[in-house]
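Computed from a prediction, not measured in an experiment: that's the story for all the values here. Computation of the quantities below employed the complete heavy-atom set of this structure, encompassing side-chain atoms and omitting hydrogens, waters and symmetry-equivalent molecules.
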Amino acid sequence: LKKNSLYGTNGSVTAGFGYGELAKYRLGSNLNYRSGPWNLTFAAGYNNRTWVERLELNRVLSDRSYLQENYEPGDPHSFYLNMGADYDINSNHRVGISANSYRSDNDRTSENSTKIMSTEGIELDSWLTRNVQDRFWRSYTADAFWRWEVDTSGQQLNFDINFADYRRDVVTELFTTGGNFEDRRNETPATTRIYASQIDYKRPLNDILRLDAGAKVSATRLDNELAASIFINDAWINDELLSNQFYYDEEIYAGYVNLAYSKGDYDANFGLRYEDSQATGYSETLDSTINLNIAKFFPSFSLTTPFMGPLGTSISYSYRIERPGYFDLNPFVSYLDPLTFQRGNPFLVPELTHSGQFSLTYEKQPFFNLSYDYTNDVLTEVIEQDDETGEAFQTDINLDKYIRYGGSLFFPLDFIAKPISGYGGVMVFYHDYQAEYLNADFLQNQWTTNAFLQVNVNLPQDWKLEVTGWMQGTGLDGIIRYENFYGLDAGIQKKFFDNKLRVQFSADGIVQKFFEGRVDYANLNFDLVSSWEAPTFQTRITWNFGNQSLKSRENRRSSSASERNRVNGN
């Protein structure tokens, strides 16, 4: 009977509605079926997560200034469908497959106004721009795995193979009233295919030592096109200076070995990862090729020891690599208005970081940390400017060195009173950039403080309240120095009908201070204010049905997870 309670069917249906400046909708369901050796899952849903962003720029040149205001709403309609099946061949072997699909249509029109002012405050020129975008995005992913429980000691072999296919079609049309600018249109279809496979082996050597080893191979293929046009004499004419075709191929071969030690209150890990990657970017229009090859070892180490009672200490070191997003590498131009645009950088290289950390732990959970990070070729978003034309563009670059050190303290709130729980944290870090940029020494540094607090309160009649506040102190992000900003969110929920029905109400940005930054470096002198939709209010209703004791399908990390994150821009 106990075993049979783990079999059967369960699932849930969720519906939600929200409103800020725009209405938001969501509807989703999931189903889990388990019988004998089979475990089947299904999930489908629709989301309309609208949003609004505003950007204000005040760019000051020697003889004039540009006052720009941009309003951009988003109205994405997205659909997802996920299916999976696991099958236990016997007590030692399990196989499984999964397939996921996602589709999003996000048509939107942003509005931009620009004024050129003289140093005396006289308006020299002005214009209005409508940026009309037709955006389509879809993805398909398929994954298969095999797990072999070699013996009862914990010896295990896992094999995973994954394929992902992405398609993005964006048509952008720029219509400007005033000034002396032609209307523009950019068509940027793009396809990305990722192939990845990984094998992992785990073997306990004895009661205190465990060996982990594995290997991974991945291949990514990108085909990106930019068809740029200018509207002249009542017709769209190809802009040969901007139109381009860009191909990017990347292959990564990696292997790792890790030795874990655990005895009583002592834990240690020694790891070594080797990676060999080759990447090639080719611009068909410019007939230009860029090659980037990296072959490196990445060691890691950690040690946890007891200190006093439940208190302990932990020390760790790691050397890691972080690659740029795939679309950041496209050498394409995307216009916000006639004088402001984004441009990709195919010369970006991965950033490499040495990280060290010392922690105090309570029952092996860290609550106080001191850390030091040293990064070469740090990936940084910057804005550059042409003083003659007044054009400004955003792009990503590598800065030579970035050093960050500081500490963090995390604490629970359970000790305050019985109906109150939660946690909080304070992080203080020093940021130091050392590089040469725009033909000058870029030596910028700044202390930054971050803090957050989440308070959970059990109210009468089984209502639960959650209040979350966060604060980002004055800081430095690349070349941008920003002022402190903060927010306050809250939510309340209650369960009905033996916990099968859950009703939630939430409000985000009840109190909100937006991002304000400034750049004063080389020929750059401007202020910017970035704001978003706040406050927003949400209602969500979830109905759970079926056998709530049913064991759910295990969560596994796909072999292409890191590459797929780079497609999504993370």
Side-chain angles (χ1 to χ4, degrees), residues 20-25 46-57 68-79 102-114 127-139 166-179 181-192 222-231 235-239 241-246 325-344 381 383 391-396 528 530-533 567-570:
E21 296 182 43
L22 302 173
K24 311 167 196 307
Y25 308 92
Y46 163 77
N47 285 308
N48 179 217
R49 298 176 181 174
T50 59
W51 45 266
V52 173
E53 291 183 356
R54 292 179 173 85
L55 179 65
E56 299 176 21
L57 282 173
Q68 299 169 271
E69 295 183 0
N70 189 72
Y71 168 80
E72 183 175 359
D75 187 22
H77 297 265
S78 59
F79 305 85
Y102 177 84
R103 173 194 173 109
S104 176
D105 294 280
N106 188 2
D107 300 342
R108 59 180 184 257
T109 300
S110 60
E111 299 175 352
N112 181 279
S113 66
T114 301
W127 57 84
L128 297 174
T129 301
R130 284 191 308 118
N131 188 323
V132 182
Q133 297 187 41
D134 182 357
R135 304 175 66 92
F136 168 78
W137 172 274
R138 68 109 179 104
S139 68
Y166 297 86
R167 174 72 182 183
R168 184 177 74 168
D169 286 299
V170 181
V171 179
T172 303
E173 294 181 330
L174 217 66
F175 303 101
T176 302
T177 303
F181 305 101
E182 297 91 357
D183 293 335
R184 288 190 165 274
R185 181 170 68 187
N186 280 5
E187 299 176 64
T188 52
T191 59
T192 303
L222 278 75
D223 182 354
N224 305 285
E225 180 183 358
L226 168 60
S229 306
I230 304 175
F231 196 70
W236 292 106
I237 306 299
N238 179 48
D239 186 348
L241 296 177
L242 290 184
S243 296
N244 198 355
Q245 187 92 20
F246 182 71
Y326 289 122
F327 291 119
D328 295 332
L329 297 166
N330 291 346
F332 295 168
V333 171
S334 175
Y335 279 91
L336 179 69
D337 63 54
L339 294 184
T340 313
F341 55 89
Q342 292 179 311
R343 185 167 69 188
E381 184 179 283
I383 298 177
E391 290 182 320
F393 64 91
Q394 176 269 326
T395 189
D396 291 276
L528 64 91
S530 176
S531 59
W532 49 90
E533 190 179 18
V567 176
N568 297 325
N570 298 323

Item to check | Non-hydrogen atoms of Ala190 and Asn224 that approach each other most closely | outcome: CB-OD1, 3.0 Å
Item to check | Results of side-chain hydrogen bond (donor to acceptor under 3.5 Å, both in side chains) for Asp396 - residues two or more places apart only | outcome: none
Checklist outcome for this item: d(Glu69 CD, Ser113 OG) to nearest 0.5 Å is 4.5 Å
Item to check | Whether Phe246 and Phe332 hold their rings parallel, tilted or perpendicular, with breakpoints at 30° and 60° | outcome: perpendicular
Checklist entry - Where is the tightest heavy-atom contact between Asn238 and Ser243, given as atom of each residue plus distance? => result OD1-OG, 2.8 Å
Checklist entry - Are more than 12 heavy atoms from other residues, nucleotides or ligands located less than 6.0 Å from atom CZ of Arg168? => result yes
Checklist entry - Any sub-3.5 Å donor-acceptor pair from Asp105's side-chain atoms to Phe136's backbone N or O? => result no
Item to check | Exam field: side chain Asp183 to backbone Thr176, donor-acceptor pair closer than 3.5 Å | outcome: yes
Next on the checklist: Please report the interatomic distance OG1(Thr50) to CD(Glu533), rounded to the nearest 0.5 Å.
Outcome noted: 5.5 Å
Checklist entry - Rounded to the nearest 0.5 Å, how far does CG of Asn186 lie from OG1 of Thr172? => result 6.0 Å
Item to check | Closest non-hydrogen atom pair, Pro76 against Asn106 | outcome: N-OD1, 3.5 Å
Checklist entry - To the nearest 0.5 Å, what is the distance between CG (Asn48) and CG (Leu22)? => result 9.0 Å
Checklist entry - Are Glu187 and Arg185 ion-paired here, with the side-chain N under 4.0 Å from a carboxylate O? => result yes
Checklist entry - Using the ring of each side chain (for Trp, its six-membered ring), is Tyr166 parallel, tilted or perpendicular to Trp137, with breaks at 30° and 60°? => result tilted
Checklist entry - Of the non-hydrogen atoms in Glu391 and Pro338, which two are nearest, and what is the gap between them? => result OE2-O, 4.2 Å
Item to check | Heavy-atom side-chain contact between Arg54 and Tyr71 under 4.5 Å | outcome: yes
Next on the checklist: Can you tell me how far apart CZ (Arg184) and OG1 (Thr129) are? Round to the nearest 0.5 Å.
Outcome noted: 12.0 Å
Checklist entry - Do you know which two heavy atoms are closest between Trp51 and Lys24, and how far apart they sit? => result N-NZ, 4.3 Å
Next on the checklist: Suppose the criterion is side-chain hydrogen bond (donor to acceptor under 3.5 Å, both in side chains): which pairs have a residue in residues 334-343, not counting sequence neighbours?
Outcome noted: Gln68-Asp337, Gln68-Thr340, Asn112-Asp337, Asp337-Thr340, Gln342-Gln394
Checklist entry - When rounded to the nearest 0.5 angstrom, what is the spacing between CZ in Arg108 and CD in Gln133? => result 4.5 Å
Item to check | Any residue meeting side-chain contact (heavy atoms from CB on, under 4.5 Å) with Ser78, in chain and number order, not counting sequence neighbours | outcome: Asn47, Tyr102, Ser104
Next on the checklist: Within the supplied structure, the quantity of interest is the number of heavy atoms (other residues, nucleotides, ligands) at a distance under 6.0 Å from Arg138 CZ; does it exceed 12?
Outcome noted: yes
Next on the checklist: Heavy-atom count check: over 12 atoms from other residues, nucleotides or ligands less than 6.0 Å from Arg167 CZ?
Outcome noted: yes
Item to check | Exercise: identify the closest heavy-atom pair between Asn131 and Leu336 | outcome: ND2-O, 3.5 Å
